[in-house]
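Keep in mind the model is a prediction, meaning the values are calculated, not measured.
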Amino acid sequence: MVNIIDEWEDFAKYVHDKVGFYQILGVDKNIEVRVLAGKAGFIREFESATDPLLKKILEFCEKERSFLRVGETVRDEVFFK
């Protein structure tokens, strides 16, 4: 189970040295970003790729922390055939 944190600043304080993952869904309009660290998650949808909070989140994930970008997900039981 993942606990969704409503505010980005609260999530950013929580993660500290945790390994995390992030995913970007959509292009240009209706961009959704999902960030996971431990049992905490953050989800937000943005109308524009130029949104300041979206830029802040991506900078956090890509440069300041060792977060891995997720391209797609596959259920555990079908990962290996």
### Query
Would you call Lys56 and Glu9 a salt bridge, using N to O less than 4.0 angstrom?
yes
### Query
Distance from Phe79 atom CZ to Thr73 atom OG1, nearest 0.5 Å?
11.5 Å
### Message
Please determine whether side-chain contact (heavy atoms from CB on, under 4.5 Å) holds for the pair Phe60 and Tyr22, giving the CA-CA distance in whole Å, both sets of side-chain angles, and the decisive distance to 0.1 Å.
### Response
CA-CA 11 Å; Phe60 179 92; Tyr22 71 103; over 6 Å; no
#### Entry: Inter-residue atom distance Phe67.CZ - Gln23.CD, 0.5 Å rounding
14.0 Å
### Query
According to the interplanar angle, ranging from 0 to 90°, do the rings of Phe42 and Phe11 count as parallel (below 30°), tilted (30 to 60°) or perpendicular (above 60°)?
tilted
### Query
What is the minimum heavy-atom distance between Lys39 and Met1, and which atoms define it?
CD-O, 3.5 Å
### Task
Take atom CD of Glu32 as the centre, draw a 6.0 Å sphere, and report whether it contains more than 12 heavy atoms from other residues, nucleotides or ligands.
yes
### N/O donor-acceptor pair under 3.5 Å between Arg44 side chain and Asp6 backbone
yes
### Message
With a sphere of 6.0 Å drawn around CD of Glu72, does it hold more than 12 non-hydrogen atoms of other residues, nucleotides or ligands?
### Response
no
### Query
side-chain contact (heavy atoms from CB on, under 4.5 Å) with Ile43: which of Ile4, Val35, Leu25?
Ile4
### Query
Are Ile5 and Tyr14 close enough that some pair of their side-chain heavy atoms sits under 4.5 Å apart?
no
## Note on the structure
Here the gap from Ile24 atom CD1 to Leu58 atom CG, rounded to the nearest 0.5 Å, amounts to 4.5 Å
### Task
Check the hydrophobic clustering (I, L, V, M, F, W, Y; side-chain heavy atoms under 4.5 Å; chains of links allowed) and say if Ile57 and Ile31 are grouped together.
yes
### Query
Among Val19, Val15, Val2, whose side-chain contact (heavy atoms from CB on, under 4.5 Å) with Leu36 holds?
Val2
